[in-house]
2 protein chains.
Amino acid sequence: MGSMRLLPHPATEDIELTEVLRALSDPIRLKIVARLATVGEMTCGEAGDHLGVHKSTTSHHHRTLREAGVVCTKQEGRMKYISLRRDDLDARFPGLLDSILAASGDASPSAASRDQSVLAASGERGRR
Amino acid sequence: MGSMRLLPHPATEDIELTEVLRALSDPIRLKIVARLATVGEMTCGEAGDHLGVHKSTTSHHHRTLREAGVVCTKQEGRMKYISLRRDDLDARFPGLLDSILAASGDASPSAASRDQSVLAASGERGRR
DNA sequence: CGCATTGTTTGACAACCATAAAACAATGCG
DNA sequence: CGCATTGTTTTATGGTTGTCAAACAATGCG
């Protein structure tokens, strides 16, 4: 049962700034990341439902984010959960993710309620 | 003679996060911005010489950065100087530019004079 | 005025990208 | 085991991008 595998992703020191910025420069991927910051983790189907894109497109975005070092994927059963690599990103590029998350909250009109969750998730990070 | 024109660029509130991230996700443009952070301003030819790309390519990158709201262009005589829109970016996306500049200093070993100049330029603005 | 200097625009080209559909793979459930 | 569920890979397509070269435009200098 609970065989939990972790998919390969780049080491922290191999994460490149331009690739992270490029990964986050796509609106859909930015939404995925913003949502991950509040929700913690997410399956592929969940992301697709929430964003209204095809599942293969979602899979592609997840791969892009993973290869850029922004998320890591953990397989549990037949689902695959992706989650933010917050600690790794903070270690490599201090403050970057937080400022991007805060900025992504500003940009959306319905950010008022969401904004606090983002900040809360940002401050409550301590495990993993 | 002293006629100084300013080229059109997006208003602060129209700067979009994804476009800024996309503009900075190109290594050459990131170098341009990192250098602007230390040097203050720069002509097109200066940038081209320093980066080893064709002048038309440089011009294209300058346009991309300007349209994304990252730099503004000021024409003086027959030169055009570009400079970072630090205040506007800080107002719209607090902390974003600073964290990217700090990260770009860490990531690029080829940048000869870097982090302490970045901090100096950032500190000369009175904030932080 | 002519001309060199400084950038921009256009054209061309190869590479990459976001997207979707369909085929494929893996996994657990009954 | 068969099968539904969950994602990935493949294939195709339309759009975008980075690059250079060449033509064009603007500007000040002599």
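By convention in this document, chain letters (A, B, ...) are assigned in the order of the sequence lines, proteins followed by strands, and residues within each chain are numbered from 1.
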Check your understanding: If you group Ile, Leu, Val, Met, Phe, Trp and Tyr by side-chain heavy-atom gaps below 4.5 Å, do B:Leu65 and B:Leu51 land in one group?
Key -> yes
Practice item. Look at B:Thr43 and C:dG7 and indicate whether a side-chain polar atom (N or O) is within less than 4.0 Å of OP1 or OP2. Key: yes
Practice item. Figure out the CD1/P separation between B:Ile28 and D:dT17, and round it to whole Å. Key: 16 Å
Check your understanding: Whole-Å distance between D:dT8 P and A:Leu65 CG?
Key -> 12 Å
Point to revise | Closest to side chain of A:Arg5, choosing from C:dT27, C:dT8, D:dC20 | key: C:dT27
Exercise for review: May I ask you to list the residues of residues 44-55 of chain B, by number, that have any heavy atom positioned under 4.0 Å from an atom of DNA chain D?
Suggested key: B:Val53, B:His54
Study note, to complete from the structure: Side-chain contact check for A:His61: nearest option of C:dA18, C:dA21, D:dC20 is C:dA18
Exercise for review: Go ahead and name the base partner of D:dC3; Watson-Crick or wobble counts if both distances stay under 3.5 Å, otherwise write none.
Suggested key: C:dG28
Review point. To the side chain of B:Met79, which of D:dC20, C:dG7, C:dA4 is closest?
Key: C:dG7
**Study point:** Nucleotide nearest B:Arg22 (side chain, heavy atoms from C-beta), chosen from D:dT5, D:dG18, C:dT9
**Key:** D:dG18
Study note, to complete from the structure: DNA chain C nearest-nucleotide lookup for B:Arg66 and B:Arg78: closer to the 5′ end is B:Arg78
Point to revise | Straight-line distance of A:Leu24 CG to A:Leu96 CG, nearest 0.5 Å | key: 7.5 Å
Practice item. Salt-bridge test for A:Arg5 and A:Glu76: reply yes if a basic N is under 4.0 Å from a carboxylate O, no otherwise. Key: no
Exercise for review: Please state how far atom CD in A:Gln75 lies from atom P in D:dT5, giving the value in whole angstrom units.
Suggested key: 18 Å
Review point. Touch check for B:His60, heavy atoms < 4.0 angstrom, all strands: base, sugar-phosphate only, or nothing?
Key: base
Study note, to complete from the structure: Rounded to whole Å, the NZ-P distance (A:Lys31 to C:dA18) equals 14 Å
Check your understanding: From B:Cys72 SG over to B:Leu84 CG, what is the distance, rounded to the nearest 0.5 angstrom?
Key -> 9.0 Å
Review point. Is any side-chain N or O of A:Arg63 closer than 4.0 Å to OP1 or OP2 of D:dG7?
Key: no
Check your understanding: Out of D:dT8, C:dT19, C:dG7, which nucleotide sits closest to the side chain of B:Ser59?
Key -> C:dG7
Review point. Does a nitrogen or oxygen in the side chain of B:Thr57 sit under 4.0 Å from OP1 or OP2 of D:dT19?
Key: no
Review point. Atom CD1 of B:Ile32 to atom P of D:dG18: distance rounded to whole Å?
Key: 11 Å
Review point. Does a donor on one side chain and an acceptor on the other come within less than 3.5 Å for B:Arg29 and B:His61?
Key: yes
Exercise for review: Consider only side-chain heavy atoms of I, L, V, M, F, W and Y, link residues closer than 4.5 Å, and tell whether B:Val39 and B:Met79 are in one cluster.
Suggested key: no
Exercise for review: Please determine if a side-chain N or O atom of B:Ser56 lies less than 4.0 Å away from the OP1 or OP2 oxygen of D:dA22.
Suggested key: no
Point to revise | For D:dT11, the Watson-Crick or wobble counterpart (both distances under 3.5 Å) | key: C:dA20
Check your understanding: Does a donor on one side chain and an acceptor on the other come within less than 3.5 Å for A:Arg92 and A:Thr12?
Key -> no
Practice item. Verify side chain to side chain contact (heavy atoms under 4.5 Å, CB included) between B:His9 and B:Arg85, making sure each step is shown before the conclusion. Key: CA-CA 10 Å; B:His9 54 277; B:Arg85 292 179 62 183; 3.1 Å; yes
Check your understanding: So what does B:Thr58 hit on the nucleic acid, given a heavy-atom distance under 4.0 Å: a base, only sugar-phosphate, or nothing?
Key -> nothing
Practice item. Both distances under 3.5 Å, Watson-Crick or G-U wobble: report the partner of C:dT8, or none. Key: D:dA23
Study note, to complete from the structure: A:Lys80 atom NZ is separated from C:dG28 atom P, nearest whole Å, by 12 Å
Practice item. Mind calculating the distance between CG (B:Leu7) and C1' (C:dT8) to the nearest angstrom? Key: 10 Å
Review point. For the pair made of OH in A:Tyr81 and C1' in C:dT27, what is the distance, rounded to whole Å?
Key: 13 Å
